[in-house]
Amino acid sequence: MSPNLDPEDVFEEFTMEEEISHALLKTYIDRYPDLAIELTDLFHEITLAEARAGAEEVRFETKSAQPQMVAVGKLQAAFSNEGIRELAKQIGLPRDFLAGFRDRRIRFGSTPEPVLSGLSRMIGVRLHDFVRYLSSGDATGPALAFKADGKPARAEQMDYAAFIEGLALTSEEEAALSRLAQSDGSN
């Protein structure tokens with residue numbers, strides 16, 4: 001650095017640059033190696049100030065419950081008696097397959113992710129909304145109590161593989177299940 005150049009002039013010149021980047025910092029350090037530490041500190045202060053200013057400009061909003069309510073509505077419609085009938089016809093699987101999810105008869109953690117993804121795509125909801133619905137304790141299945149009976153009890157849960165085996169799917173239904181579980185979601 002030349003003896004007649006004031007470091008404050010260098011710092012001011014640096015801060016007046018249009019775009020402050022690592023490449024610009026390197027250029028200044030190459031030109032003024034005696035000021036490398038001060039220039040690096042100045043660079044970090046400027047980028048931190050820009051980041052803070054950018055964060056203040058971001059409008060923070062509370063997450064709206066509206067999309068989740070829409071998803072719950074779609075799921076409830078899909079797992080209603082009429083919805084199950086239509087969805088089963090659409091994917092080519094028996095209604096009992098979908099009723100197993102509705103009635104929470106399938107142990108949630110044993111269900112393969114591609115099957116859950118395929119079902120969420122067919123219903124038109126995001127996967128995490130579908131997972132939240134399945135992991136909730138509210139089984140919407142038809143549990144009827146008759147006068148002489150006690151309260152209706154929830155069916156015992158079983159692993160996905162055992163549940164599918166119990167359905168005794170035909171070869172066409174097994175093919176439909178495979179299509180449902182394809183990663184690209186094609187039917």
**Study point:** From CD (E173) to CD1 (I91), nearest 0.5 Å
**Key:** 10.0 Å
Point to revise | Atom pair CG (L180) and CE (M122), whose distance is rounded to the nearest 0.5 Å | key: 7.0 Å
Check your understanding: Can you tell me how far the CZ atom of R95 sits from the CZ atom of R85, to the nearest 0.5 Å?
Key -> 5.0 Å
**Study point:** Separation of I123 CD1 from Q76 CD (nearest 0.5 Å)
**Key:** 12.0 Å
Point to revise | Close side-chain approach of L35 to L42, heavy-atom, < 4.5 Å | key: no
Practice item. Measure the spacing between CD of E174 and CG of L93 and express it to the nearest 0.5 Å. Key: 10.0 Å
Check your understanding: With a 4.5 Å limit on heavy-atom distance, are the side chains of F101 and L75 in contact?
Key -> no
Point to revise | Closest approach of I29 to A36 (non-hydrogen atoms, all atoms of both residues) | key: CG2-CB, 3.9 Å
Exercise for review: Starting at CD1 of I164, measure out to CG of D96 and round the result to the nearest 0.5 Å.
Suggested key: 10.5 Å
Exercise for review: Considering non-hydrogen atoms only, spot the tightest contact between L5 and Y32 and give its length.
Suggested key: CD2-CE2, 3.4 Å
Check your understanding: Heavy atoms, side chains only, cut-off 4.5 Å: are V125 and Y133 in contact?
Key -> no
Point to revise | Donor + acceptor pair across side chains of E13, Y28 (<3.5 Å) | key: yes
Review point. Taking all non-hydrogen atoms of both residues, which atom of D34 and which atom of E38 are closest, and how far apart?
Key: O-OE1, 3.8 Å
Point to revise | Shortest non-hydrogen separation from A176 to G92 and the atoms involved | key: CB-O, 3.5 Å
Review point. Can you check whether L169 reaches P94 side chain to side chain, under 4.5 Å on heavy atoms?
Key: yes
Practice item. Answer yes or no: is there a side-chain heavy-atom contact under 4.5 Å between L127 and E113? Key: yes
**Study point:** Test side chain to side chain contact (heavy atoms under 4.5 Å, CB included) applied to S80 - qualifying residues, sequence neighbours left out
**Key:** E82
Check your understanding: Closest approach of K74 and G124, non-hydrogen atoms and distance?
Key -> NZ-O, 3.0 Å
**Study point:** Residue I37 excluded, over 12 heavy atoms near CD1 under 6.0 Å
**Key:** no
Check your understanding: Going by the angle between their ring planes, with limits at 30° and 60°, are Y160 and F97 parallel, tilted or perpendicular?
Key -> perpendicular
Point to revise | Min side-chain heavy-atom separation F163-R107 under 4.5 Å | key: no
Check your understanding: R104 and R102: which non-hydrogen atoms are nearest, and at how many Å?
Key -> NH1-O, 2.6 Å
